[in-house]
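Got a structure for you, questions after.
Reminder, nothing fancy here: chain letters follow the sequence lines and each chain counts from 1.
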Amino acid sequence: MKYALYLKEKVIETIINIYDTKPELKLVQVQHTRKDFVGDYTLVTFPLLRYSKKSPEQTAEELGKYLTEHIDEITGFNVIKGFLNLELSQDYWLNKLNEAWDDEYFGIRLPNKESKTILVEYSSPNTNKPLHLGHIRNNLIGYSISKILEANNKNVIKTNIVNDRGIHICKSMLAWQKWGNNETPKSTGLKGDFLVGKYYIKFDQEYKKEISKLISQGKNKKEAEQDAPLIKEAREMLKKWEEADKKVISLWQKMNNWVYEGFDITYEKLGVDFDKIYYESDTYKLGKSIIMDGLKNGKLIIKKDGSIWADLTEKGLDEKILLRSDGTSVYMTQDIGTAYIRYKDFKFDEHIYVVGNEQDYHFQVLKIILQELGYPWARCIHHLSYGMVELPEGKMKSREGTVVDADDLIENMLTTAKNISEELGKLDGLSDKEIDKTINIIALGALKYFLLKIDPKKNMVFNPKESIDFSGNTGPFIQYTYARIQSLARKGKSKKIEAVNINEKNLKLDLKEIQLLKTIYHFTNMVKEAGETHNPAVVANYVYELVKEFNQFYHDFNILKEEDMDLRKFRLKLSIMTGRVIKQAMALLGIDVPEKM
RNA sequence: GGUUCCAUAGCUCAACUGGAUAGAGCAAUAGCCUUCUAAGCUAUAGGUUGAAGGUUCGAGUCCUUCUGGAAUCACCA
C-alpha cells in the first residue's frame, strides 16, 4: 500500500508536468493489478480524461511512457482499455522478500506504550445451559479479532461478561429444586453445564404444560404466560435472590459453579481465553444506581406501577424498560453497570462487543441511553454484530433441544480427523502423544477455519449431517501445506542447503514465483485491512489464496532438486517465508499449524 | 404493521469497498504418485448476480420500487 501511495504522488506529478493541471486526489486511482493481467500496479485512467482531453488509450500511453522513464523500478507497462498496468522490476520484489525475511515481525505491529486500548467483549454466556455452535462462532470471532487488533498495534483486553443472574437462571434452579433429586455432576457423571441445562429444558416443558392447561381453562395466551404458577415461583425466586436470601444464594452458587467447571473445559478445548471476567451479579446493582440517578436528573421516566423506562421515541425508537415494577433488574440494567465499570477499569478508546445480530436493537439502545445519561465514552462503543448459525431446517433453539452442542461437535471433529488421518496413513510411526496432538490441531483447525472464513455479519448454514470438509478451502488444506513446507525445511537443513548468500543477479524468476512473492508481501496490507474492518474472514481468504499459490508453485517447480544452486536456495527461501506467513496468519485466526501431517 | 439486515453456480462461500472477462471449494466428469508429503495439482461442465427501473465513462456493489427470507420492536436474556 505504501508503494501505491508513492505511485499516486508520482502520477500527480506526471499529470502536472504533462497536462499542466493538478488533479483531484480521489480521481487518481492506483490499485493492484488483477491476477490475470501482466503488471503490478494499475492506474485507472477514465477519471483523468478531463485533464488529458484525450482517449483513455492515449492517456494511458502517455502516462505510462513518462512513468517508465522517470521511475527506476518501473521496467515497462501495458495498456488494456483504459487501464494502465505498470510492471515493476524483479529486483524490486526480491528486495521485498529480503526485507520480510529479516523482519521477525513481518506484517504485524505489536502494541507498545502509545497503543490505544481496545476492549473486546465476547462469549458472554448464560449460566443456565451448555455452549452451542452459535457460541463457538462468537468465541472464535472474538478471539480472532483480538489477535488481529493486537497485530495492528492495539492494546487489547479480552473480556467476558458472564450472565450469571436473572430470571433464566432461576428457571433452571427452580426446576432442579423441584425435580432434581439432588443430582450432581458427580452423581450423574454429567458435565456441570449439561446437568444445569437439562433442568432449564425441564422448566420450559413443565411451564408449557401449565400454559396450555390455563388456556384450556379459558385464559388467553398472554395471561396464561403471566399467571402460570411456575413462572410466578421463578419470579419470586429472583426477588429473593436480589434480597440475598441465603438459601437461594447458596443454591445459585452451587449450580453456577457446576456450570463454570463445564465452561472451563469447553473454553480450553477451543483454545480461547480472557484477560478479565465480569459477572452480571457484580455489576447489576451499579446499573440500578445509575438508573436511579438518571431518574433523579429527569433523563428517565417512571410509570404508575413503579417501572422505570427510557423514552427514546424522539430518536425514532421505542420506550425501553430499565427496571421492573418489582424493582428487579433486566438485561439492560446490568449492561449499563458493566460498561461503566469497564470504563473506570480501563479507560478504553474503543469497546467492541462481539454479540449476535439479534441484539442489534439492544446495542443501539444501550449506546443512546449511555449518551443520554451523560457518558462521553458511550460513543466508543461498537457492536460487532455477527450472523446466526442456522441448521438446514432453521434456527437452533436451546429450549427445544435442537442445538448443535459445542462439546459434541468438537468430539465429532476429533473422531473424523482421526479416521481420515488413519485412512491416509498419516499417523504411521508417530507416538500416541504425537497422534493426539496432531489430531487435535487438525480437528480444531477444520472447525475454526470453517466458521471464520465466512464474513461475520452474514448468517451461515451448518449441516450437522454433512461433516466439515478436510480438503479444498479448509483448515487442514492450509495446515497440510504448512507441514509440507516444514518437511522441505528439514530436508534442506539436513542437506546443508541454506536460504542465504544467494547471488541474486543470476536469478531468472518465473512469473509464478514473482506472483507468490507478491502474495507474501500483501500480508502486510491484509493485516491492516482485517483490523480496520474487524473481519477474520479477510485473513482466512488471504491465507487460502497464499496456500493455493504455493501449492501450484510446489507442483510446477523443483525446489531442493533444482540444479542451479542459487535458484535452489531462493526457492527454499521463498518456501520457508511462505510457511512463516501461513503460521502467522493462522495464529491471527487462533489456529495452530502442525510440523507434520 | 414499524425498523434493520440479507438474496451471487445444484450446495457452501469470494469479489481489494464503484473498475477489466463475476472467482474458489464441495458435489459431477476426465487426467497426474518408481521423482521435495496426492489432505495435493491440471482440465471439463455449471451464472440474465431475486425482478424492474435509475445514477455514470463503468453497477453484484450506490438510489427507488417490488418479490422472497431473517432479526427485532417483551416487566425474556
> Within the pair A:K426 and B:A39, is there a side-chain N or O less than 4.0 Å away from OP1 or OP2?
Replying inline: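 Answer yes for this pair, as a side-chain N or O of A:K426 is under 4.0 Å from OP1 or OP2.
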> Just to confirm, is there a sub-4.0 Å distance from OP1 or OP2 of B:C36 to any side-chain nitrogen or oxygen of A:S487?
Replying inline: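 No.
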> Hey, does the side chain of A:K458 come within less than 4.0 Å of B:A14's phosphate (OP1/OP2), counting only N and O?
Replying inline: yes
> Which nucleotide, B:C41, B:C36, B:U37, lies nearest any side-chain atom of A:A483?
Replying inline: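 The listed nucleotide nearest to A:A483's side chain is B:U37.
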> Where the side chain of A:D318 is defined as all heavy atoms beyond and including C-beta, which of B:A20, B:C41, B:C73 is the nearest nucleotide?
Replying inline: B:C73
>> Please name the nucleotide paired to B:A38 by Watson-Crick or G-U wobble geometry with both distances under 3.5 Å, or report none.
In response: none
> Between B:A77 atom P and A:I321 atom CD1, what is the distance in whole Å?
Replying inline: 10 Å
> Hey, would you say the A:Y353 and A:H382 ring centroids sit under 6.0 Å apart?
Replying inline: no
>> Counting the atoms with a prime plus P, OP1 and OP2 as sugar-phosphate, which does A:I420 contact under 4.0 Å by heavy atoms, base, sugar-phosphate, or nothing?
In response: base
> Any idea which of B:C41, B:C36, B:A20 is nearest the A:R34 side chain?
Replying inline: B:A20
> Looking at the rings of A:F470 and A:Y480, which for Trp means the six-membered one, are their centres under 6.0 Å apart?
Replying inline: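 So the answer is no for these two rings.
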> Of the nucleotides B:C36, B:C16, B:A77, which has the atom closest to the A:N126 side chain?
Replying inline: B:A77
>> Which nucleotide, if any, forms a Watson-Crick or G-U wobble pair with B:U55, using both distances under 3.5 Å?
In response: none
>> Measure CD1/A:I169 against P/B:A77 and give the value in whole Å, please.
In response: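 So the CD1-P distance, A:I169 to B:A77, works out to 10 Å.
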> Which base sits across from B:G18 as a Watson-Crick or G-U pair, both distances under 3.5 Å?
Replying inline: none
> Do A:N256 and A:D164 have a side chain donor and acceptor closer than 3.5 Å?
Replying inline: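 The criterion, which ignores hydrogens and geometry beyond distance, is not satisfied for A:D164 and A:N256.
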>> Is it the case that the base of B:A39 and the side chain of A:S421 share a donor-acceptor contact (distance under 3.5 Å, atom types as modelled)?
In response: yes
> Under 4.0 Å: is that the gap between some side-chain N or O of A:Q552 and OP1 or OP2 of B:U42?
Replying inline: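 For B:U42, OP1/OP2 do have a side-chain N/O of A:Q552 under 4.0 Å.
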> What integer distance in Å separates A:K320:NZ from B:A77:C1'?
Replying inline: 10 Å
> When only distance counts, do a donor and an acceptor, one from the side chain of A:K596 and one from the base of B:U37, lie under 3.5 Å apart?
Replying inline: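 Result: no qualifying N/O pair found.
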> Out of B:G25, B:C41, B:U37, which nucleotide sits closest to the side chain of A:Y554?
Replying inline: B:U37
> Looking at B:A20, does its base get a donor-acceptor pair with the side chain of A:T42 below 3.5 Å?
Replying inline: yes
> Given atom CG of A:L43 and atom P of B:G58, what is their separation to the nearest angstrom?
Replying inline: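 Interatomic distance, CG of A:L43 to P of B:G58: 19 Å.
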> A:K81 side chain N/O closer than 4.0 Å to the phosphate oxygens (OP1, OP2) of B:U21?
Replying inline: yes
> Hey, would you say the A:Y200 and A:H168 ring centroids sit under 6.0 Å apart?
Replying inline: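 No, they do not, as the ring centres are separated by 6.0 Å or more.
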>> How many whole angstroms separate atom CG of A:L323 from atom C1' of B:A74?
In response: 16 Å
>> Does the structure show A:F37 stacking with B:A20, if we require the centres to be closer than 5.5 Å and the planes to be within less than 30 degrees of parallel?
In response: yes
>> If I pick the C1' atom on B:G40 and the same atom on B:A24, what distance separates them, to the nearest angstrom?
In response: 16 Å
>> Can you see if the side chain of A:K453 gets near the phosphate of B:G25 - specifically, an N or O under 4.0 Å from OP1 or OP2?
In response: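 It does not, given that no N or O in the side chain of A:K453 lies less than 4.0 Å from OP1 or OP2 of B:G25.
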> Contact class for A:F557 (heavy atom, under 4.0 Å): base, sugar-phosphate, or nothing?
Replying inline: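 Base contact.
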> Which heavy atom in A:P47 sits nearest to a heavy atom in A:Q29, and how many Å separate them?
Replying inline: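 Closest approach of A:P47 to A:Q29: CG-NE2, 3.9 Å.
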> Of the nucleotides B:C26, B:C76, B:C6, which has the atom closest to the A:R324 side chain?
Replying inline: B:C76
> Does NZ or CZ of A:K303 fall inside the cone over A:W309's six-membered ring, less than 6.0 Å from its centre and within 45° of the axis?
Replying inline: yes
> Which nucleotide, in any strand shown, forms a Watson-Crick or G-U wobble pair with B:G47, with both distances under 3.5 Å?
Replying inline: none
>> Just confirming the chi classification of B:U48, syn or anti, using 90° around 0 as the syn window.
In response: anti
> How about A:F550 and A:F553: are their ring centroids closer than 6.0 Å?
Replying inline: yes
>> Taking pairing as Watson-Crick or G-U wobble with both contacts under 3.5 Å, can you name the mate of B:U72, or confirm there isn't one?
In response: B:G2
> What is the distance from CG of A:N463 to P of B:U12, rounded to the nearest Å?
Replying inline: 9 Å
>> Does the structure show A:F46 stacking with B:G58, if we require the centres to be closer than 5.5 Å and the planes to be within less than 30 degrees of parallel?
In response: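 Taking the rule of under 5.5 Å and under 30°, the ring of A:F46 does not stack on B:G58.
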> Taking the side chain of A:M597 as heavy atoms from C-beta outward, which of B:A39, B:G19, B:G40 is closest to it?
Replying inline: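 The listed nucleotide nearest to A:M597's side chain is B:A39.
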>> Between A:R484 and B:A39, is there a contact of a side-chain N or O with OP1 or OP2 at under 4.0 Å?
In response: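 No, because none of the side-chain N or O atoms of A:R484 sits under 4.0 Å from OP1 or OP2 of B:A39.
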> Taking atom P of B:U56 as reference, at what distance in whole Å does atom CZ of A:R50 sit?
Replying inline: 13 Å
> Is the distance from OP1 or OP2 of B:A20 to the nearest side-chain N or O of A:K35 less than 4.0 Å?
Replying inline: no
>> Looking at A:Y331, I'd like to know whether one of its side-chain N or O atoms comes within less than 4.0 Å of OP1 or OP2 on B:A77.
In response: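 No, because none of the side-chain N or O atoms of A:Y331 sits under 4.0 Å from OP1 or OP2 of B:A77.
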> Rounded to whole angstroms, how far apart are CD on A:E121 and C1' on B:A77?
Replying inline: 14 Å
> With a non-hydrogen cut-off below 4.0 angstrom, is A:L560 in contact with a base, only sugar-phosphate, or nothing?
Replying inline: base
> Which atom names give the shortest non-hydrogen contact between A:N558 and A:R571, and what distance separates them?
Replying inline: O-NH1, 2.9 Å
> Considering only side-chain heavy atoms of A:Q29, which listed nucleotide, B:A20, B:C16, B:G19, is closest?
Replying inline: B:G19
> Strictly under 6.0 Å, is that where the ring centroids of A:W241 and A:Y284 end up?
Replying inline: yes
> Which residue, A:F450 or A:K512, contacts RNA chain B at a nucleotide closer to its 5' end, judged by nearest heavy atom?
Replying inline: A:F450
> Considering Watson-Crick and G-U wobble pairs with both distances under 3.5 Å, what does B:A7 pair with?
Replying inline: B:U67
